[in-house]
Amino acid sequence: MARYTGFQSVLRSVLGKHVDEGFRLDVSDDHVLVLYHGDDRVAIFNQTTATATIIRDTCQEWLSHQI
């Protein structure tokens with residue numbers, strides 16, 4: 001079970017296994033999440049409409065194009 005230790009822990013839990021693949025989510029302001037893979041900006045999400053599924057699917061799509 002995930003344990004809440006702050007907002008960053010929530011972002012890490014949303015990414016799931018993708019954290020180990022080099023993805024991270026940063027908060028750029030009150031309503032925007034930015035997805036990075038290493039130093040590459042992958043996507044920008046609205047916090048109120050982004051879901052874990054959308055973010056994970058975006059990670060998968062990014063990885064599939066990195067071959």
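Everything numeric here is computed off the predicted structure, so don't read it as measured data.
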Residue among Leu11, Val34, Val19 satisfying side-chain contact (heavy atoms from CB on, under 4.5 Å) with Leu25
Leu11
Report the distance from atom CZ of Phe23 to atom CZ of Arg12, rounding to the nearest 0.5 Å.
13.5 Å
Quick check: does any side chain N or O of Arg56 sit under 3.5 Å from a backbone N or O of Val14, one acting as donor and the other as acceptor?
yes
Residue pairs fulfilling side-chain hydrogen bond (donor to acceptor under 3.5 Å, both in side chains) with at least one residue in residues 19-28, sequence neighbours excluded:
His18-Glu21, Arg24-Asp26
Using a 4.5 Å cut-off on heavy atoms from C-beta on, say whether the side chain of Leu35 contacts that of Trp62.
no
Side chains of residues 42-51: which donor-acceptor partners sit under 3.5 Å, not counting sequence neighbours?
from	atom 1	to	atom 2	distance (Å)
Asn46	OD1	Thr48	N	2.7
Asn46	OD1	Thr48	OG1	2.5
Gln47	NE2	Asp30	O	3.4
Thr51	OG1	Ile54	N	3.1

In one Ile/Leu/Val/Met/Phe/Trp/Tyr side-chain cluster, 4.5 Å: Leu63, Tyr36
no
